[in-house]
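Each chain gets a letter, A, B and so on, in the order its sequence line appears, and its residues count up from 1.
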Amino acid sequence: MDNQLNKLNPIKIIYISVIVPILAIFTALIISSVVIILSGSNPLIAYSALAEGAFGNLNNWIETILKTTPLIIGGLGVALAFRGGLFNIGVEGQIFVGSIATVIIGTTLKAPAIIHIPLTLLAGVLAGAVWAAIPGYLKARFGAHEVITTIMTNYIATRIITWSIGVNGPLRKTTSFVPETNSLLDTARLPLMISDTRLHIGIVIALILAIVVYILLFRTTLGIEIRTVGLNINAAKYCGIKVNRNIVLIMAISGGLAGLAGAIQVMGLSPYNFTAGFNVGYGFDSLAVAVLGNINPIGVVFSAFLFGAMDAGARLMQLRAKVPVDMITILQGLILMFVAANQIIRGIYRIQIQDKKADKVNLSQGWGGGSK
Amino acid sequence: MKNNNIEPILKIENITKRFPGVLANDRICLDLYPQEIHCLLGENGAGKSTLMNIIYGLYTQDEGIIYVKGIEVEIKNPIDALRLGIGMVHQHFMLIPVMTVTENLMLGQEKTTGLKLGKLSKLDRSTVSAELQELASKYGLSVNPNAYIEDLSVGEEQRVEILKVLYKGAEILILDEPTAVLTPQETDEFFNILKLLVKQGKSIIFITHKLKEVLEIADRITVLRNGKTVGTTTPKETSMHKLAEMMVGREVLLNIEKGQPKPKEKVFEVSDLSVMDNRKINVVNGVSFFIRAGEIYGIAGVQGNGQKELVEALTGLRKAARGNVKLLGNDVTNEDARSLTLTGIAHVPEDRQKHGLVMGFSIDLNLILQTYFQSPFSNLGFINLDSIHENANQLVKKFDIRTPSIFTPVMSLSGGNQQKVIIARELNRPIQLLIVNQPTRGLDVGSIEFIHQQIIVARDKGVAVLLVSAELDEILSLSDRIGVMFNGKIVTEMNTSEADRAKLGFYMAGFSDEKMFHKE
Amino acid sequence: QPKSSETKQPVQNENSTTKVEEVKECKYKIGYVSDVGKINDQSFNQASWTGVEESAKLLGLGKDCYSFIETTDSADYEINIRSFVDEGYNIIVTSGFAMGAITRQIASENPEVFFIGVGQEQVNENFEPDPYPNVVGLNFREDFGGFLVGALAGLMTETNVVGGVFGCQFIPPVARYEVGYYNGVKFVNPDAKVINVYHPGSIDVCFSDSTFGSETAKALISEGVDVLYGAGGLTANGALITACNQGAYVLGTDMDQFVTLPEVKDCILSSALKDIEEGVVGVIGTISDGTFGGGDVYAPSSLAPFHNLDGAIPQDAKVLLEEIAEKLYSGEINPCTPFEGSNPNTFCVPIK
Amino acid sequence: MEINLIIGLSTLAIIKAAPLVFGALCGLLGERSGVINIGIEGMMLISAFTTFLGSALFNQWTGGIFPTNLSLLVGLFCGIASGALIAALHAVLSIHYKIDQVISGTVINLLAVGITNYVANVYIDPTHLSGVGVFPTIPIPILSDIPIIGPILFSHQPMIYLMFILVIFMQYLVFNTPMGLRMRSVGEHPRSADTVGIDVNRTRYINVILGGIFAGLGGAIMVLESVGRFQKLMTSGRGFIALAALIFGRWTSNGALGSALLFGFSEALGVRLQFGDLNHIKVIVIVSGLALLGLGLFLLIKKIKEKEINIKKYITILILIVLGFTIMVGSNYIKFPSISIPIEFLGLLPYILTIFVLTGFVRRAKGPAAAGIPYEKQ
Ligand SMILES: Nc1ncnc2c1ncn2[C@@H]1O[C@H](COP(=O)(O)OP(=O)(O)OP(=O)(O)O)[C@@H](O)[C@H]1O
Ligand SMILES: Nc1ncnc2c1ncn2[C@@H]1O[C@H](COP(=O)(O)OP(=O)(O)OP(=O)(O)O)[C@@H](O)[C@H]1O
Ligand SMILES: [Mg+2]
Ligand SMILES: [Mg+2]
């Protein structure tokens, strides 16, 4: 089937995998600009501001990177679960739980940075992992559908945490009107890559993780097990893979990544604490990033960067062109649409070459649909 | 009955069909006369299903003309086909498991009662199931109209498929490998039905891989190879060997001669084993048998007498309720699949696509599903792609798996080749016991010959083989000892020398008294 | 960083077209950073923004001399404020107590920029006053406003059951409104029943779940509530509209919701006004006439006009409300001492 | 008193359930025919938005000369139409372009939030466009006078009645009509549907778009029978809860209603407990007793159906029932400390209860076999 693909020469393959997405983004921008004009603003100003806000100067680059970091890690979490045939909508809650665990260890434990930082990160990972393992266990043990349970655990997490930093909450910073926790001790904060900027080493962790997850999925025996469970549970049982254990494990890893995303946000960004309104929305953005990245760890990095840049650039776009931030959401929606349905783009721009669609993972397997 | 001055009811001229990279049908001609049973033969991938799908309007031909009753017709979709009185029973069943027989029957041509609200009126199940029973009794195809398909045996499903076609008023019946999944008894029944149908005025195109059947039932036979018509003949003019040669294009050994078994020590011993099915009913009760190194123990039996659950219990896919299993003297009862694999059990499962393969994985990965965690394929949890590819290349050569490359997803392999992938994987590691379940279902003579040889080779290497099959020929030609399974028990055991079709069939049908048998 | 504030040309206002060069001609550049939540929340955030727009008009600033950033993640407070500084804005309004600390920090680093923190008390870690010269904290006694509408509710109810629908409990101003309201009712009508409901959700929903507000209002009305108070952005709005449709009197919050929420104009008695708009305009005024001095400004939160229902409110009630207002400002009444029967979770920060 | 409490809670439960039910029915049509829909949230949000715009603008342009209800009906129409339209987008993306249905759903969610917020910011809020009211409550004559049942079921706003009617109708449609039969066949085994001449993709288009109409109703009811105007993000996750209710209800209309009601009820309880007149601990105890009792009875019936012979199982079930019952009765005689549980925890009831029920009652729910897989003819 994909032997036509093998016939494609490298240039054409690059052409497909680079030009098409770029054209998709371009088209999305055109369409959005119509909306901007209708609302009485100037798309050129808006977009130049958007670009400058994302890449204009060192600080803007840094903001882009900071926005990208949690999206990469969260996106990896979602993608990995999808590979294992699980639909983890619970990332939002897992990020929250991770952040809180980070706060607890980061504010209480007394230790030198070399020990404190890893432990605090670990706390985030473990918390997220455990929190995600619960839906995993419920699915393995009772067949409770993870889509429901993860939605539920989202609400449970956010509400309990809201309470914990709320009025008289146990984690509430006592010397503050604000619903926030104490700030992490200096020993628990991520070191900066460039001093006097906000750029912490989170991005390095994220990129390393992307590679790790790639290797995990495609170069390890565990990866084979995960993907087998994802594609054909019966075959997995037939060749002796412990399916239930794997389901819990996959959710745990996925949630661990989410938790880590939360931890890095708390440990990397001043004022190094958790407040109401912190990390809101990363969960669902991670879902978008994962699918835009074709649930491939490397793809996730690029899509996360795209989303991150737009989120960062949004500031200047509002400031300069008075275009509401919601424009970004529209843009992201359109881009996702055109990249996924790239036949539209091929149609518009008359691109003949066929795309490869080898090992197309069916994201919707969690439904009991998907593989036969 | 057919003499060439009546015109054919269905005439196909120079049908050509291309798929990306494949010329599936190449200028194929075929004509079907009224009240004729026309057999279509060919290897896996020869183009039979494609041709039939074209006639039935599922695919449209690139070139060629179809005439029905002498009139040129254009068949754009199944509706057209049905309107022209063409009905088809598909190779892979086209029934909806979660629906009842009645619902499956009415689907597409629903009868309704009460207010006429078009597609929103109330389904008239009772009438349809009445009609169904009438039809069923007319052709002796008994089924329970309200049963859910998922609860039926394959044999029953087959009947439903045929009823479906008849119900839709087909005059021309296309049957694509209908007997691939039937037991001898069921097949005999089935042939009676076909004869009845023909008497009733129907005409039938019948696809199969089983030459004996062809000679038994066909009025005329057409053979395809690589999408081309090799020729058309009649049972009188031809023989099994001739047919096989036409199909494959070379000499084929139909019953492989195997050397005398040299059984050694007991390798595998099952005693008093009982197993429950998903509904928690004992479907295997108190089964005991043993297999020695270097012999093939065949379990014959009509499907649904507990073979499935028995095999699952022996391979760690299901827990046994009672009894125990010994491999090389040590107890392996209810060990999980992985540790059984490691103790040297190989398993060729009944359903190749459901259990045996990950359809989305490429061939090379499917070839290491049982061993991916062992060296050389992995060390310290990391996999070693080079050795995986090397392994794949070797096996593809050794087991002659026809594929563009080892990176092709097995999804796009023919069933024959898919089965070879499994056999290759299971036989290519040190094993004590080989458990094979329906190893050649739906495969063409070429593939069957090859797979049978592989099993013999394994035996002669000193492996103990458990062969479960509903194909009596397969059992008889491969096994050294035979046990017949009926109703969850092994009702009798015999050496192959003492066995023949009639005798086995007798026990499979549930009789047990020797004298009765001789009275027969 | 370009300091365009130094360039002293007056502006030909309004009819300035959108061209980036124009920015240089701004006498002042006013930036506004919203709290997590929407600018047009018909409440808190919107009021501050309207204030900015107003002053811009008064100062005759061009379209490019004032702008906003909507905060979507509390991790962005800092960078959002800083981007205005970097863009050479010299008056920056940050809205919401949550930005208090970071506003002060950035202010201290940029002494030449004026900062106005809405709902941000200029105190240090130990709640001791600690004014910066270039920051004004614009604060409100939400508990006063709550107390006044509470009193009004207590006077107007016929079923003797009044209710309230509130946003996040953990947002101090909301809590202050709630307890003020409760105590206000009890003050004028001790045996009236007060049923207050908060949204149980987290920050991303508790101010924007208007459907919840509406459903809750229905429940309250069926409990006999005939005067309903709403404080909590869109959640509260949902409650007010529904209560109004079901024939109850309603009371608004922050802005005069007779204006901002036309749906309720025929049943809104008044609003617990905290005139952020006025406040912002006032403080920015002090900048232009050079009288700006850092520290806290405490604007009392008062009653909005009765508008259409002016006739429905008995004269003596109006008088009583006047008196209560007096007593509140004079400190005779403290609306904020949690007492027997008030919500035990209530958190009501006493201010000086 | 007790009675009024029950009535109050049940009524509120139904009101809260309604948008969820409409959302679930949207998912039902799509997924039964093989098209997964995680975009319900977005569809409902857009519809709420257009419903408001439709009614408000119609009222504005006609200078309010027409009766309110007419404007509302115009709004309703716009809501339904836009629901169908955005569903059509989902259909084109996932059926014609065969992009993964999860992606298509995500796209819709993103676009919905973006567009509605954007337009609200640049148009609705600045112009103070105002809603024109809501549908009145219409008690059904006679029926509404029946004690208890009357107030709970028969004195609602029109769309609530519509909701009940549609649930019954959909149950009939899916399992007793040619349309339903074809819908399910296409969702379970499209190829076999194809072989009997059913146009798989056409069937899917029709169902997905019809589903959009339900999403439209779900969005509309929030505007037309609750809030009375559009407010940003007013769905606040109800679309996802609706999805949960659908799966929870095992892809059946009745099941969805049941789970939505369970949801509404527990959420209502969470609100009701804030009124301050109930003893939180006691209520929680009673509810958990109720849950145990329910679980026990459910399992009992199930096991009897399955002709379970194992006595041990029955004993455990019996224990469950007795335990639940004693807890419920006993709670009346115990003096509970009047601790008031934090609001956030009261808000957790629905989610915890769902998980409990899910693990206790529902167990393995298997979706339509072909859901999520685009259909390739060759
Ligand atoms: N849907 C398809 N897409 C692409 N190629 C196809 C498709 N179906 C069949 N082919 C090609 O056409 C050839 C003929 O296939 P066909 O199914 O007709 O074989 P067959 O004779 O039915 O084999 P079998 O005996 O295994 O059923 C195959 O070799 C395959 O390569
Ligand atoms: N979707 C497809 N794409 C490419 N090739 C296909 C596809 N479907 C079937 N084929 C080809 O059609 C040939 C026959 O297909 P068919 O479905 O009849 O299965 P088969 O497994 O060959 O039959 P059998 O079960 O008798 O072995 C195979 O060679 C397979 O490669
Ligand atoms: Mg075949
Ligand atoms: Mg075939």
Exercise. Apply side chain to side chain contact (heavy atoms under 4.5 Å, CB included) to the pair Thr228(A) and Tyr372(B), showing each step before the final yes or no.
Key: CA-CA 12 Å; Thr228(A) 308; Tyr372(B) 63 89; over 6 Å; no
Quiz item: Which value, rounded to the nearest 0.5 Å, describes the distance between Lys237(A) atom NZ and Glu312(B) atom CD?
Solution: 10.0 Å
Practice problem: Tell me, for Gln374(B) versus chain A, whether the close heavy atoms (under 4.5 Å) come from the side chain, the backbone, both or neither. | Solution: neither
Quiz prompt | Close side-chain approach of Phe382(B) to Thr221(A), heavy-atom, < 4.5 Å | solution = no
Quiz item: Heavy-atom distance under 4.5 Å between the side chains of Val358(B) and Arg227(A), does that happen here?
Solution: no
Exercise. Please report the closest heavy-atom contact between Gly240(A) and Ala337(B), naming both atoms and the distance.
Key: CA-CB, 3.8 Å
Exercise. Examine whether an atom of Leu340(B) lies under 4.5 Å from a heavy atom of chain A, and if so say whether it belongs to the side chain, the backbone or both; otherwise answer neither.
Key: neither
Quiz item: So what's closer than 4.5 Å to chain A heavy atoms on Arg318(B): side chain, backbone, both or neither?
Solution: neither
Quiz item: Any donor and acceptor pair, going by atom type alone, linking the side chain of Tyr238(A) with main-chain N or O of His347(B) inside 3.5 Å?
Solution: yes
Exercise. Calculate, to the nearest 0.5 Å, the distance between atoms CG and CZ belonging to Leu222(A) and Phe373(B) respectively.
Key: 14.0 Å
Quiz item: Going through the distances and angles, do Ile224(A) and Ile368(B) end up as a side chain to side chain contact (heavy atoms under 4.5 Å, CB included)?
Solution: CA-CA 10 Å; Ile224(A) 290 187; Ile368(B) 57 158; 4.1 Å; yes
Quiz item: More than 12 foreign heavy atoms under 6.0 Å from CZ of Arg429(B): is that the case here?
Solution: yes
Quiz item: If you tally heavy-atom pairs under 4.5 Å against chain A, which of Asp336(B), Thr341(B), Thr315(B), Leu385(B) wins?
Solution: Leu385(B)
Practice problem: Write down the atom of Asn234(A), the atom of Lys354(B), and the distance for their closest heavy-atom approach. | Solution: CB-O, 3.2 Å
Quiz prompt | Interchain contact, Leu216(A) with chain B, by part (heavy-atom threshold 4.5 Å) | solution = neither
Quiz item: Given a strict heavy-atom distance threshold of 4.5 Å, which part of Leu369(B) is in contact with chain A: side chain, backbone, both, or neither?
Solution: both
Self-check item: Contacting region of Leu380(B) [heavy-atom separation from chain A under 4.5 Å]
Solution: neither
Practice problem: Determine, stepwise, if the pair Asn232(A) / His355(B) fulfils side chain to side chain contact (heavy atoms under 4.5 Å, CB included). | Solution: CA-CA 8 Å; Asn232(A) 183 347; His355(B) 290 101; over 6 Å; no
